[in-house]
Structure formats: structure tokens, C-alpha cells
Protein chains: 2
Amino acid sequence: MGRVTLADVARRAGVSLASTSRALNGQVASAATVERVRRAADELGYIPDASARSLRLRRTGQLAFAVADIGNPVYVEMMREIESVVAAEGYRLVVSRTGDADATLDLVRDLNQGYVDGLILSPLRVTPALVEALEQTTVPTVVVGRLPEGARVDTVLADSEGGVALAVDHLIRTGARRIAFLNGPVDTTPGRFRQLGFREATADRTEVVTGEFHAEDFTIDAGYAAARVMLAADEWDAVIAVNDLVGIGILHAAHERGIAVPDELAVIGIDNTTLADVCHPGLTSVDLGAARRGHKAARLILARMEDGDLPPRAVRVAPSLHERGSTAALAGAARPGGPAAVPGSRRVR
Amino acid sequence: MGRVTLADVARRAGVSLASTSRALNGQVASAATVERVRRAADELGYIPDASARSLRLRRTGQLAFAVADIGNPVYVEMMREIESVVAAEGYRLVVSRTGDADATLDLVRDLNQGYVDGLILSPLRVTPALVEALEQTTVPTVVVGRLPEGARVDTVLADSEGGVALAVDHLIRTGARRIAFLNGPVDTTPGRFRQLGFREATADRTEVVTGEFHAEDFTIDAGYAAARVMLAADEWDAVIAVNDLVGIGILHAAHERGIAVPDELAVIGIDNTTLADVCHPGLTSVDLGAARRGHKAARLILARMEDGDLPPRAVRVAPSLHERGSTAALAGAARPGGPAAVPGSRRVR
DNA sequence: AACGGCTGTGGAAACGATTCCACTGGAAAC
DNA sequence: GTTTCCAGTGGAATCGTTTCCACAGCCGTT
């Protein structure tokens, strides 16, 4: 007693294969046929075969979401939202780790095996070869992150520059004058554009002194290590971290050196993850809208699959600053809670 | 110029379809044929079609990982490890949210569509219908979590009872006598067995007074809400939380009431997530080995797919306690760092 | 009565791969 | 010089669906 196939159902219902298929798929068929086929299918416990269907229909009902690190809270947030949107449309989600640039390229090439109907890709590093591969591939694709000007691919953009500008403005308004930026690897998309944002936002602020530092990775440990070096070298009023993890590394290093946050050093993270809410003091953080980016990316890929001829779109998600204990309060504003505040943060913009 | 199929390659190489397939798959074929076919395939940029392959081979190269909440850090950790193991064996990972019990059941039934070669399932609630469905299904399955005695399904178990016992022992050794357990929903697998563990571990400890409370969900917010109620009602020396998220909720509630942790109230979480390391004070936490469970589950499903006739196995992962600032130090042991300690924790067992 | 249109039907051809089976030709064994 | 064996080959079947196409009725219109 192996698989129950459509042929078995047809035999039992006493109609042809063609009519059976039509009856089950709501195509044209008489009421009597539909009834008999339904019954036969139920009695046999018929379940259509996904592979056969995919082969014939040229669609799999699957989408891929590919990121460098599945563990990063930002990608998790994004993935959760994507899963929720596409599952509602009947798609399954395949997750892949992209690893390095070569692996990403392989992944994009492998798409032509046709195991998914579309791809949402958030590449850490964008190479010309990758852009070309993306433009070549016949599988609908949406990139979360920045591509070179003119790339004919749908993208969802975080406003890194705007987000970092929010952070810089906030720090300056709270009185900071010596502001450092602790970046991650600068050859990555986030590294590059957050750095760019920092430079732009501080360019015509002649009153501030700036500095740039680099962590080897976007992790707490790497942030901590880089922060030790940074804090040993110079005195800063404030640091903007390339993300919350690095920001938390900074908090640890500051605590270790006996530097009081926010009084002696203000710290701002990026991504506004749960970690920022939970750490001590709460980490003021710029929300680049991971969940909303995920949502838009999902919508975009669905639209693209619907109509492949749409002109490429670039959707941008607005940033917002969430103020917590790691930065000084604005003059006149109530100081939020002090150390280990109750959860919740003030949304400033 | 549509898809390049195997037939195109065969035509170009001037050999039959059969020989072409054999040449590409390393089956018996002359060196000359292999050479010509390889060349033709390269020139045409041939990429085999995944659906056609699946249909013919009756295998998809995909595995499913299904959990209630993709966002929960524990599942993320598990998933990351699973992805890493199965990707190395050439499998893609499909993630699904199971949602409620009915959705889980649907998911298991849908497996018979054959869109994956195996399933790793971590159900929050186990119903008899689910167990039956799991035993019925022809798709190899591994359950992460406890099933009823005698279920013929491979399982990976966290040692909830042993883990909670570690927590209880630790608290008693540090002097706690009034110990509460703040559970999540008790009709779930983690809720049930962690509660059971608490009862067993405290049963013959006549010197301790115990109490049990419930949060509506396994989240920070729900933990906070339940902790407010709990702390308002009675005085406790220590609380064991059903997981780190709830534990952090307790820390917030305690801080809000001005209760000092750990001096007036010790708190222990479960899962030993990054959050426990980052929050303030650091949350002592029982590690139930999410990553290792993921690893073992992945190995188990691979073995099961290899040989479906193996007798069902139950693999157990040992717990360990990671001590941080939220519990008092043992007499004679150096107190770990004080508030906002540098990351890292002492592994006690 | 002839005709057009419309609904339902079944046979057979896809979709793109793998593999069974029968067959060839040349080398090895007697 | 026959026989045996075996590597290598191509035709055709197969996996389980969907859908094209031709055709059969039946109804309502001229």
C-alpha cells in the first residue's frame, strides 16, 4: 500500500484522470463528478504530491530568505515578519546562510535549479559579480540592503544615513562634543553606509570632534575588544555603535574602566533590539525598522512574482530613535527611569 | 531561449539522454562521453531542475524545522545549529511556525505532500492526535521535546527536571528557604516538565517553603505582569523562572518594587540565552543545551533518513547552571563581579 | 431541420529528470 | 576460433500532476 495517486482516485471515482484533476482543482466539472471525486479522494486519503505539482506547474510554493547570520537578532526579527507575510499567501520559507561572498554567489546561481519561486536576500557584502548574478537570474529577487546605483533589482533600504543622523543630532543636543563612531567591518553594507552617515551628519558640525574605530565583527565580544582600545586611547563624550551588540560591548568596556554611562560617556546603538531594552543601562538605539523592512521585502517579492515586468523599485523605511538610559536626557525632559529602568523606551522621532 | 534541459545537453554532446544523465552523475560511462557531456553542459550552462529530480528520485533535499515561535532566542539557537549540520550534508532547511495545536497537526499531515525528506518538530503542546499523526506519517521525524511514554518516534530531550534541580540546589546552598517557581502556561511541554522538576526537587526538602505562579506566556512582558502579582502577595527568598524572558520580567518587577537582587531576592532563569548575560544584574540561568539539542536532532534525523528501520531513540542532553549576579554567591566563593559584571559567567556544573 | 455555442469529458502529451532493459562490440578465456 | 564476459550505449518507461485538444451531447436560435 504505497502512495495514493491521482490515478487511484480516478479509478475509484470511475472518471478519467483529467476530470479528476479538474474536479479537485475547481476547474470546470459537473456537480456529480466533483462529488464522486471528492468522496473517492477522501476515502483514499489522497494528498497531492508536491514534486509532481512543482514540475508541472513550474512553481514550488517556496521562497528563500538568505542572510549571513541566522542568529543575529535583527535578521531573526526580519525573518519572523517575512515568514508571517508569505505563509499567509501560502508560501513556505527556506532559510539559507550565505556565509562569504562566494557562497552568496553560489546560492544565487543555484536558484536556477528552481527550488524556490523567489528570493529575499540580505547580503553583507555586495560584489559586482553578485549584482550581475542577481540581474541575470530568472528567479524573482528582492535585496534587503543597498545595491549600486542603477542595479535592476528590487530593494528595501534602511535609511542608515538618516538613522545615524538622528543619533548624532541627539547626542549633540544633549551636549556631546567629542563623538566617536565604533564601526564593524567597513567592507560590509551596514559598515559602509553607517560610516557614511556618520561622516555626513558630522561634516558641517564644526563644533564637534569626531573619531572612527572598528570592531572586527558585529558581535558583543568584538565590540568589547574594540571599545577597550578606543577608551584607552582618548576621551570621548559619546560613542555611536554600528549596532546594539557592539554597543553592549562598549557598555561592558566602559563599566570595566569605571567610566559612568551616560554621565561620562553616552552610548547609542543601532537596531533597537530586545537586548538594548534589557541591558544596563538601557541602550539608546536607532531603530532601522527590521520588522518593517521584512514586511516590505515580503510584499515586494510577492508583487514581483505576480508581475515580473514591473520596473525595479526601491522602498525605503524610516528610522526612529529610541531613547534609554545610555544617553543623557535632553534639558527639560524627564530623565527616563535611571539605572535598570522598567522596560519601555521613549520614542523620540 | 528558455530553460536548458538535459535533452539539450544530450543533443549537443551527440549522445543519448541516458548516457548524458549517467555521465553527469558519475554512473558508468566512457571517459570520452563524460568529457563531451561535461563540455556541452558547461557551454550551455546546464543546471538540473530540482522539481524534476525530486519527482524522479523521491527525495527533495529539504528538511523542515517547525516551532511555535521563530523569534524565541532558544529556537533561534537551535535552528542555527540545525541549519549548520544539515547544510553540510547538502540539505536545505524549511522553517515553519506551528502556531496552535491544530496548525501543528495540519503541518504534520501536509508532510505527506512530500515537500521535505524529514521533519524536526518542537511542539509546544503535545496532543494524542499529534502523537498519532507523527506515528502515522511516512516522513522521518524527530521531536525535540517530550512525548508520551512508548511513542514510536525519535526524540531529543532536555533534562528539565535535572535542570530545575540544579537551580533548586543552588538556591538552597546559597541560603534560600522560601522558593517560588514562576511558570509559563502549564499546558505546554516546557511548562509541564519544568513544574514537575520543581516539585520533585523540592519534595523532600522539608526545610523549604515553595510556591507556584504562572505567567500567561513565555515573554518578558508576561513575566513582568505575573511577577508583580507574585511579589505583591508574599515574600520570597528566591524565584526560579520558567525561562530567561520571564526571569527578566521578574528582575524588572523587583526593581520596580525596590527589591534588591540578589540580596533580598535571588532569581534564576532557564535557557542561558544572551539576554541572561546582558541584563542587569546578570541572570543566573540553567542551560538546557538548545544548541546541542539542535545538533543532536539534526544528527538523529539524518540517521533516521538513512535507515528508517532503526528502533526509535531518545537522546538526552545534560543541563548546566551558569551563575551570574542574580543569585548570591556560595559561601567561600568569590562574588562574581557585582552589578553589571563583565560578560562571562562561572559554570557551576 | 440545420446550425452555432456551451458544458463536460477522456485520451494523450507535456514537465525534466533517472533508470530498467536489451543490445552492441571488443577483450579475455578456453 | 569459438564462447563468455563486461563496459558502454540508447530506447523507452517512469515519477504524479496538469492541461491541450478533440469530441460528444444538449440547448436554444434561426
Side-chain angles (χ1 to χ4, degrees), chain A residues 1-38 40-41 44-62 90 110-117 138-139, chain B residues 1-38 40-41 44-62 90 110-117 138-139:
Chain A
M1 194 189 92
R3 260 197 84 72
V4 177
T5 73
L6 197 63
D8 299 327
V9 178
R11 209 169 303 124
R12 176 153 194 141
V15 294
S16 75
L17 208 51
S19 294
T20 310
S21 173
R22 280 187 298 247
L24 290 178
N25 292 313
Q27 311 274 21
V28 51
S30 72
T33 304
V34 170
E35 166 59 20
R36 298 172 60 189
V37 169
R38 282 259 169 76
L44 294 173
Y46 170 69
I47 295 177
D49 181 82
S51 302
R53 236 155 175 269
S54 305
L55 175 58
R56 180 61 225 228
L57 296 179
R58 309 271 60 194
R59 71 184 285 289
T60 59
Q62 297 190 155
D110 278 357
L111 284 185
N112 291 319
Q113 291 180 10
Y115 62 87
V116 288
D117 302 334
T138 57
V139 178
Chain B
M1 198 188 94
R3 260 198 84 73
V4 178
T5 73
L6 196 64
D8 299 326
V9 178
R11 209 168 303 124
R12 174 149 194 145
V15 295
S16 74
L17 206 53
S19 294
T20 310
S21 173
R22 280 187 298 247
L24 289 177
N25 292 313
Q27 311 275 20
V28 53
S30 73
T33 304
V34 170
E35 166 61 18
R36 298 171 61 189
V37 169
R38 282 259 170 76
L44 294 174
Y46 169 70
I47 296 177
D49 181 82
S51 303
R53 243 161 167 266
S54 306
L55 175 58
R56 180 60 226 229
L57 296 178
R58 308 270 60 192
R59 73 184 284 288
T60 60
Q62 297 189 154
D110 278 358
L111 284 184
N112 291 319
Q113 291 180 8
Y115 61 88
V116 289
D117 302 335
T138 58
V139 178

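Order of the sequence lines fixes the chain letters, A, B, ..., with proteins taken first and strands second; residue numbering starts at 1 for each chain. No experiment lies behind these values; they were computed from the predicted model shown.
You'll find that the side chain of R22(A) is closest to dT9(C), out of dT9(D), dT9(C), dT18(D). Here the nucleotide nearest the side chain of S19(A), chosen from dG10(C), dC21(C), dA17(C), is dG10(C). The nucleotide whose nearest atom lies closest to any side-chain atom of R3(B) is, among dA17(C), dC21(C), dT18(D), dA17(C). Nearest to the side-chain atoms of A18(B) among the listed nucleotides dT19(C), dT9(D), dA17(C) stands dT19(C). Checked against dT19(D), dG8(D), dG16(D), the side chain of T33(B) finds its nearest nucleotide in dG8(D). When each of dG8(D), dC15(C), dG10(C) is scored by its nearest atom to the side-chain atoms of S30(B), the top-ranked nucleotide is dG8(D). In the set dT9(D), dT19(C), dA17(C), the nucleotide with an atom closest to the side chain of R53(B) is dA17(C). Counting only heavy atoms from C-beta on, T5(B) has its side chain closest to dA17(C) among dA17(C), dG11(D), dT17(D).
We find that D49(B) and R58(A) are joined by a salt bridge, their nearest charged nitrogen and carboxylate oxygen being less than 4.0 Å apart.
As rounded to whole Å, 10 Å separates atom P of dG10(C) from atom CG of L17(A). Atom CG of L6(B) is separated from atom P of dT14(D) by 19 Å (rounded to the nearest Å). Computed from coordinates, the L44(B) CG to dG16(C) P distance equals 15 Å when rounded to whole Å. In this structure, L57(A) places its CG atom 20 Å from P of dA13(C), rounding to the nearest Å. For the pair L24(B) CG and dG16(C) C1', the interatomic distance rounds to 13 Å; values are reported in whole Å. The OH atom of Y115(B) sits 16 Å away from the P atom of dT17(D) (whole-angstrom rounding). Rounding to whole angstrom units, CZ of residue R59(B) and P of dG16(C) are separated by 21 Å.
Summary of the strand contacts: G14(B) and L55(B) both lie near DNA chain D, and taking for each the nucleotide with the nearest heavy atom, the more 5' one is attributed to G14(B). The 5' end of DNA chain C is approached more closely, in terms of each residue's nearest nucleotide, by A29(A) than by the other of A29(A) and A52(A).
The line from CZ of R53(A) to OG1 of T60(A) is 12.0 Å long, rounded to the nearest 0.5 Å.
For R58(B), no side-chain nitrogen or oxygen approaches OP1 or OP2 of dT18(C) to under 4.0 Å. OP1 or OP2 of dG11(D) has not a single side-chain nitrogen or oxygen of S16(B) nearer than 4.0 Å. Remark: Y46(B) is in phosphate contact with dA17(C), judged by side-chain N or O atoms under 4.0 Å from OP1 or OP2. The shortest distance between the side-chain N/O atoms of Q27(B) and the OP1/OP2 oxygens of dT18(C) is not below 4.0 Å. Not one side-chain nitrogen or oxygen of S54(B) sits closer than 4.0 Å to the OP1 or OP2 atom of dA17(C). Dashed line: the shortest gap from a side-chain N or O of S21(B) to OP1 or OP2 of dA17(C) is not under 4.0 Å. Of the side-chain N and O atoms in S51(B), none sit less than 4.0 angstrom from OP1 or OP2 of dG16(C).
Counting only N and O atoms by type, the side chains of S54(B) and S51(B) include no donor and acceptor under 3.5 Å apart.
Below the 3.5 angstrom threshold, one finds no donor paired with an acceptor across the side chain of R56(B) and the base of dG16(D).
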Exercise. Step by step, would you call T33(B) with T20(B) a side chain to side chain contact (heavy atoms under 4.5 Å, CB included)?
Worked result: CA-CA 8 Å; T33(B) 304; T20(B) 310; over 6 Å; no

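Applying the Watson-Crick and G-U wobble criteria (two distances, each under 3.5 Å), dT18(D) pairs with dA13(C).
Looking only at distances, no side-chain donor or acceptor of Q113(A) sits under 3.5 Å from a matching main-chain atom of I47(B).
Side-chain contact between Q62(B) and D117(B): absent, with no pair of heavy atoms (C-beta onward) separated by less than 4.5 Å.
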